[in-house]
Amino acid sequence: DTGVSQDPRHKITKRGQNVTFRCDPISEHNRLYWYRQTLGQGPEFLTYFQNEAQLEKSRLLSDRFSAERPKGSFSTLEIQRTEQGDSAMYLCASSSSRDRVQPQHFGDGTRLSIL
Amino acid sequence: AQKVTQAQTEISVVEKEDVTLDCVYETRDTTYYLFWYKQPPSGELVFLIRRNSFDEQNEISGRYSWNFQKSTSSFNFTITASQVVDSAVYFCARAVQGAQKLVFGQGTRLTINP
C-alpha cells in the first residue's frame with residue numbers, strides 16, 4: 001500500500017526565487033489537501049481539491065501561492081517570489097470521499113528554507 | 001474561529017506511567033468529527049482515531065484510549081503503560097460536516113523517558 005508521496009523532502013532557496021512542490025496522493029483517494037506547519041505549531045489548512053477541482057482556499061494562500069491538480073491525480077504547489085516567512089513544512093494529505101469526513105493521510109512533507 | 005486547544009505544551013513521564021493528553025474544541029455545529037494524529041520525530045503525521053459527534057462511546061485500542069465528552073467539549077487521549085516509542089508530538093483536530101479541512105490544535109510534545 002503506497003502512501004502519500006511528496007517531493008522534494010527538503011528545499012533551500014534564496015528569497016525571491018520561485019519553488020514548486022509535488023504531491024502524489026494514495027491512488028484511490030480523490031481528495032487532496034495542502035497544509036503548512038511552522039515550528040511548534042499545528043498544521044494550518046491551505047487548500048483542498050476534489051478530483052481536479054479546487055474547492056476551498058484559505059486566506060493564508062496569498063497571491064504568490066498557486067496549487068493545481070490538473071488530472072485529478074498528483075498536485076503541485078508553487079510559491080512565487082518567496083519570502084522569509086514562507087519557511088515552513090508543507091504537508092500534503094489525501095482522503096477518499098465515500099461519505100462524511102474521512103481521515104486524511106499525510107505525506108512526509110517538504111521542508112522549505114528561505115535564505 | 002472555532003479553535004482546538006491543547007493546553008499541555010509538553011509532558012514528560014517515565015516509561016510505564018499512564019499519561020493523558022487533553023483536547024478541548026469549539027464548535028457551533030451539531031455534526032462534527034474529531035481526530036488524533038501522532039507526529040514522531042521523522043515528521044509524518046500518523047492518523048490514530050476519528051470520532052463523530054453522535055458517537056460518545058469511549059474507545060480503546062491496545063494501550064490507547066479516548067474519552068469523548070460533549071458536555072465539556074473534550075476529547076482526551078490516554079496512553080496506558082507508556083513506552084519510549086510513544087514519544088512524539090500529538091495533535092488533536094476537528095472537522096465539520098460539509099467542510100473538509102482539519103483544524104488542528106497546537107500539539108502536545110510527549111517525552112517518555114526510560
Side-chain angles (χ1 to χ4, degrees), chain A residues 1-6 8-10 23 25-26 29-51 53-61 67 88-112, chain B residues 1-10 21-25 27 29-55 59 61 66 75 88-110:
Chain A
D1 179 26
T2 305
V4 177
S5 176
Q6 292 190 245
R9 291 294 309 275
H10 303 275
C23 172
I26 293 171
H29 287 177
N30 63 341
R31 288 178 174 161
L32 187 147
Y33 313 79
W34 286 99
Y35 291 82
R36 182 173 70 186
Q37 185 178 22
T38 53
L39 201 61
Q41 303 294 316
E44 295 175 293
F45 172 78
L46 292 177
T47 190
Y48 135 70
F49 292 84
Q50 180 154 317
N51 301 313
Q54 188 173 19
L55 297 186
E56 188 173 353
K57 291 168 62 173
S58 163
R59 292 174 188 173
L60 292 175
L61 217 63
M89 176 76 88
Y90 290 84
L91 296 166
C92 178
S94 69
S95 72
S96 66
S97 62
R98 292 195 308 270
D99 60 1
R100 301 182 181 176
V101 175
Q102 295 297 320
Q104 296 176 23
H105 298 271
F106 285 79
D108 289 340
T110 294
R111 183 170 296 283
L112 174 64
Chain B
Q2 297 177 57
K3 297 190 303 183
V4 175
T5 301
Q6 295 179 254
Q8 304 149 308
T9 305
E10 295 191 30
L21 310 182
D22 297 334
C23 173
V24 175
Y25 60 91
T27 186
D29 303 273
T30 54
T31 303
Y32 54 89
Y33 299 81
L34 300 169
F35 300 80
W36 276 94
Y37 282 84
K38 174 182 180 180
Q39 189 171 42
S42 57
E44 180 181 354
L45 278 160
V46 177
F47 166 72
L48 296 177
I49 189 171
R50 177 193 71 167
R51 302 299 273 172
N52 73 55
S53 51
F54 297 108
D55 184 0
E59 180 155 342
S61 176
W66 290 270
F75 186 42
V89 181
Y90 290 85
F91 291 98
C92 180
R94 69 151 184 83
V96 299
Q97 184 67 23
Q100 297 301 320
K101 68 181 181 184
L102 292 175
V103 175
F104 285 84
Q106 289 194 303
T108 297
R109 179 176 298 279
L110 176 64

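Proteins come first, then strands; the chains are lettered A, B, ... in the order of their sequence lines, and each starts at number 1. When reading the values below, keep in mind they use all heavy atoms of this one structure, side chains included, and skip hydrogens, waters and symmetry mates.
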>> Rounded at 0.5 Å granularity, tell me how far CD in A:Gln37 sits from CZ in B:Phe104.
In response: 8.0 Å
> To the nearest 0.5 Å, what is the distance between NZ (B:Lys101) and OH (A:Tyr33)?
Replying inline: 12.5 Å
>> Would you say that more than 12 heavy atoms from the other residues, nucleotides or ligands in this model lie under 6.0 Å from the NZ of A:Lys57, or not?
In response: no
>> Please identify which of these residues, A:Asp108, A:Val4, A:Leu91, meets the side-chain contact (heavy atoms from CB on, under 4.5 Å) condition with B:Leu45.
In response: A:Leu91
>> So, taking the atom named NE2 in A:His105 and the one named OH in B:Tyr37, what distance separates them when rounded to the nearest 0.5 Å?
In response: 6.5 Å
>> Tell me the closest heavy-atom pair linking B:Ser42 and A:Arg9, and the distance in Å.
In response: O-NH2, 4.1 Å
> Does atom CD of A:Gln54 have more than 12 heavy-atom neighbours from other groups under 6.0 Å away?
Replying inline: yes
> Can you name the nearest heavy-atom pair linking B:Phe35 to A:Pro103, along with the distance?
Replying inline: CE2-CA, 3.8 Å
> Looking only at side chains, do A:Gln50 and B:Gln100 share a donor and an acceptor under 3.5 Å apart?
Replying inline: no
>> Does any backbone or side-chain atom of B:Gln39 lie under 4.5 Å from a heavy atom of chain A? Answer side chain, backbone, both or neither.
In response: side chain
> What part of B:Thr9 is in contact with chain A, defined as an atom under 4.5 angstrom from a non-hydrogen atom: side chain, backbone, both or neither?
Replying inline: neither
> Measuring heavy-atom distances to chain B, does A:Gln41 have an atom under 4.5 Å in its side chain, in its backbone, in both, or in neither?
Replying inline: both
>> Which heavy atom of B:Leu102 sits nearest to which heavy atom of A:Tyr35, and what is that distance?
In response: N-OH, 3.0 Å
